[in-house]
Amino acid sequence: MKYDFKSIESKWQKRWQDEKSFKALDDYSTPKYYALVEFPYPSGAGIHVGHPRSYTALDIVARKRRMQGYNVLYPMGWDAFGLPTENFAIKNHIHPAIVTKNNVARFKSQLQSLGLSFDWDREINTTDPGYFKWTQWIFLKLFEHGLAYKTTMPVNWCTSCKCVLANEEVVNGVCERCGSEVIRKEKSQWMLAITKYAERLIDDLDLVDYIDRVKIQQKNWIGRSTGAEVEFDTTKGDKLLIYTTRPDTLFGATYMVMSPEHPYIEKWKNDLENYDEAVAYREASAHKSDFERTEMQKDKTGVMLKGVRAINPVNGREIPIFVSDYVLMSYGTGAIMAVPGHDTRDWEFAKKFGCPIIEVVKGGDVEKEAFVDCDTGVMVNSGFLDGMSVEQAKEAIIKWLSDNGKGHSKVNYKLRDWVFSRQRYWGEPIPLVYCEKCGWVPIPEDQLPLKLPEVDSYEPTDNGDSPLAKCEDWINTTCPHCGGPARRETDTMPQWAGSSWYFLRYMDPHNDKALASPEALKYWGMVDWYNGGMEHTTLHLLYSRFWHKFLYDIGVVPNPEPYAKRTSHGMILGSNNEKMSKSRGNVVNPDEIVETYGADTMRLYEMFIGDFEKAAPWKTDSIKGCRRFIERVCAMADNVAPGDEYSKKNEGAMHRTIKKVSEDIENLKFNTAIAALMSLLNIFSENGVNKAEFMTFLVLLNPFAPHITEELAESFGVKDTLVRYPWPKYDESKTVEESVNIAVQVNGKLKGVVVLPLDCDEEQAKKAALDDEKVKSAIEGKNIAKIIVVKNKIINIVAK
RNA sequence: GCCGGUGUGGCGAAAUGGUAGACGCCCGGGACUUAAAAUCCCGUGAGGUAACACUCGUACCGGUUCGAGUCCGGUCACCGGCACCA
């Protein structure tokens, strides 16, 4: 058969569409399977070859599950709010909704050309009011439960653009757009209290099957540490509270450090002899750009406060208090006890400012450097802790602190609350109004969705407020609570909002009474398999787990975790082994590949390219191999002998290949699954092939190359599509061969191969090995010390 | 600096502690063809040989083991993430 991929692919894509082959059924009595890939941001550039790697992989899983009898939900949608669309709209004076619509149309046709088995009836779009109604609804629930709050906090501020920048827009401490200095500026922002879920977000990782690197990265990001809070008295009476993970080193604390933003600087205004100096230091560090802060990391700066000193609770010693920006206000209590003997940063600071350095754990040389990795050391110069191990000392000092009312053990997290405001147009409006009398008031549920107003310009205002701030008609409203005048919030939500719950909407995408019906939420339950990029591990994945836990707490969803299994694909790199980007000129357009080689070849190549979890460089040359494979399959189809069961000759290979392909798909080893199918085809060309064998081969290949396998199956008389054709089964006992090649080693070096019956006994194996000519000459003149026989594998003769 | 990952032919890569390089690309030879392309067959880690034999070989150094690409300790290089988190 000639391989006319264009007509074959459009024929089957049309048939799948007409028959709604991939529709997830609302029949809740069949076992379900929910496969999910991250929905894309529909950028103007269209998809690149990286997108299909993930989509094809789970398409293979979804197709296999359908053949295994599951009711499969494999949906797709659009995460369409966001900056690039807004910037494009500003530049070209087109409404972002129109930009979005065009981009979505392009993306959709590109994805459809790949034959991905999405259920397009469940397509969603985060910018659709029917969708973001529920994003706003969830926000209101968070607000209702005290998890959304407004606070002033430092943001990135471009001094030239007079605009708030996202972290991603700050490159090397300067504005990505204009190259000007970026400083930190206080601005009022909506926050979500994700930190209240920090503990559960770590602990519940035990409930789910995520690949290790995802779990580790999430744990590190949340950053749990166990230590103690200790109260230091001061000479002015106020108590200074600090956090430390090393309470055991309390005797080595020779000074204190407060963050420049610490409120005590104001509190002690009248006590400080050098208040002005402290304030000047605070101002200077506020104006430090991110760039300076990281560059200056090594060079510690600070001011010693004059007029107030702290008292070490454990020995009553008076020690000085410094202000330094190496201590962060946002972590712990914003103040530390400095133990220069056993902390690198404290050591550097102490050396510069001439503070004493005391060794409290034996083993290092604290004059040369801080002795930090001292867990196995013994306490010294530490009063009643002397002689204890670090671990014992920690326990003892925490007991002493609580007995004396000076402190207690404490767990801290690096995770910060989520800055949820954006001063931008193209996002979900935050559905709150501000009333002078009532404060922040949610708009009533029946008034959702709160839609975006039409505006003339999407540009941010001069003072960094949202473009919505210019929309007086929209802003001015009445308070739902008291009926008085009120003003709408003009900030919008970040792009992460819509993607934090989208997988729930797929379960019941057209519901206008709830984000999804309780029945649908119960039936589809957890996403069975979610694949996506590592770059989303600490943002999207964590945010959506947080929202889901909240929805669980308020009884909306039945499971505490959203995703049962999470895997991650490696990036597709350019042929020069660098990240694909326009500026590097190494971008491959998938449309051209589909046009030249066909979707099946494209899919096969993306899966064959290498280890799914690792980055892989794109080589257009290598695609030919996958195309040739398909053509050889077509050629083979013309030479299929009749036969309703596997021939004796091919039986073993058939069962082995079914097993290999079935298992490899589950283990993300798509590359070796394809290699196994190629090998089977090679066996067919050697041994010949009958219809039963070839049909099994087609079914195994179908998830990878769905179009051509449908076409060939039809030519063999299959009436229905292969979508629900039963997945082949294998017989374990038939996967093994009757005779096996056993390698014979002498002293660990390969000397020969003997062919023996399967499971043959040790004596027979030894005899066969010793009879081998090469083995004989290798052991000539030596004494055989012993012979190791590993059944069906190897024989090793140890000879001296 | 810390955390995670990776290092195997000319290239993409395979290999539950058990015959290193499956499968594919490139390349070379042959068949078919007037010829070329396509296709099919054969070869293809390095050294060595007329051909075998043989020797070496999974970043580097050491260890465990009958046996190490795989496990352990150390070193180097590259990639990703975090980065003054007390």
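All values below were derived from every heavy atom in this structure, side-chain atoms included, with hydrogens, water molecules and symmetry-related copies excluded. Throughout, a chain's letter reflects where its sequence line sits, starting with A, and its residues are numbered from 1.
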**Student:** Any side-chain to backbone donor/acceptor pair from A:Tyr255 onto A:Pro340? Under 3.5 Å, distance only.
**Tutor:** no

**Student:** What does A:Asn682 touch in the nucleic acid at a heavy-atom separation under 4.0 angstrom: a base, only the sugar-phosphate, or nothing?
**Tutor:** sugar-phosphate

**Student:** When all nucleic acid strands are considered with a 4.0 Å heavy-atom cut-off, which category describes A:Phe608: base, sugar-phosphate, or nothing?
**Tutor:** base

**Student:** Which nucleotide sits closest to the side chain of A:Arg213: B:G4, B:A86, B:C11?
**Tutor:** B:G4

**Student:** Verify the distance criterion only: is there a donor paired with an acceptor across the side chains of A:Ser225 and A:Tyr243 at less than 3.5 Å?
**Tutor:** yes

**Student:** Do A:Lys414 side-chain and B:C82 base share a donor-acceptor contact under 3.5 Å?
**Tutor:** no

**Student:** Kindly say if A:Arg628 contacts the phosphate of B:A38, meaning a side-chain N or O under 4.0 Å from OP1 or OP2.
**Tutor:** no

**Student:** Calculate the interatomic distance between A:Phe612 atom CZ and B:A13 atom P; express it in whole Å.
**Tutor:** 15 Å

**Student:** At 4.0 Å (heavy atoms only), tell me whether A:Ser225 reaches a base, stays on the sugar-phosphate, or touches nothing.
**Tutor:** sugar-phosphate

**Student:** Report yes if the distance between the aromatic ring centroids of A:Phe349 and A:Phe322 is under 6.0 Å, otherwise no.
**Tutor:** yes

**Student:** Using a 4.0 Å heavy-atom cut-off, does A:Arg627 contact any base of the nucleic acid, only the sugar-phosphate backbone, or nothing at all?
**Tutor:** nothing

**Student:** Pick base, sugar-phosphate or nothing for A:Asn671, based on heavy-atom distances below 4.0 Å to the nucleic acid.
**Tutor:** sugar-phosphate

**Student:** Mapping A:Gln217 and A:Ile788 to their closest nucleotides on RNA chain B, which lands nearer the 5' end?
**Tutor:** A:Ile788

**Student:** Side-chain N or O of A:Asn741 less than 4.0 angstrom from OP1 or OP2 on B:U19?
**Tutor:** no

**Student:** Just to be sure I understand the rule, does A:Asn747 reach a base, reach only the sugar-phosphate, or reach nothing, if contact means heavy atoms closer than 4.0 Å?
**Tutor:** nothing

**Student:** Go ahead and name the base partner of B:U33; Watson-Crick or wobble counts if both distances stay under 3.5 Å, otherwise write none.
**Tutor:** none

**Student:** What does A:Ala335 touch in the nucleic acid at a heavy-atom separation under 4.0 angstrom: a base, only the sugar-phosphate, or nothing?
**Tutor:** nothing

**Student:** Tell which nucleotide pairs with B:G69, taking only Watson-Crick or G-U wobble pairs whose two distances are both under 3.5 angstrom.
**Tutor:** none

**Student:** For A:Ile609 and B:C23, what is the distance between atoms CD1 and C1' respectively, to the nearest whole Å?
**Tutor:** 15 Å

**Student:** Please name the nucleotide paired to B:G47 by Watson-Crick or G-U wobble geometry with both distances under 3.5 Å, or report none.
**Tutor:** B:C54

**Student:** When both hydrogen-bonding distances must be under 3.5 Å and the geometry is Watson-Crick or G-U wobble, what is B:C82 paired with, if anything?
**Tutor:** B:G1

**Student:** Does B:A15 have OP1 or OP2 sitting under 4.0 Å from an N or O in the side chain of A:Lys669?
**Tutor:** yes

**Student:** Reckon A:Tyr331 has a side-chain N or O less than 4.0 Å from the OP1 or OP2 of B:A86?
**Tutor:** yes

**Student:** Using heavy atoms to find the nearest nucleotide of RNA chain B for A:Ala675 and A:Val790 separately, return the residue whose nucleotide is more 5′.
**Tutor:** A:Val790

**Student:** Identify the nucleotide, in any strand shown, that forms a Watson-Crick or G-U wobble pair with B:G12, with both distances under 3.5 Å; if there is none, say none.
**Tutor:** B:C23

**Student:** For B:C76, which nucleotide in any strand shown is its Watson-Crick or wobble partner with both distances under 3.5 Å?
**Tutor:** B:G7

**Student:** Atom OH of A:Tyr3 and atom C1' of B:U39: how far apart are they, to the nearest Å?
**Tutor:** 17 Å

**Student:** Quick one about A:Tyr331 and A:Ser259 (side-chain donor to acceptor, distance below 3.5 Å, no hydrogens or angles considered), yes or no?
**Tutor:** no

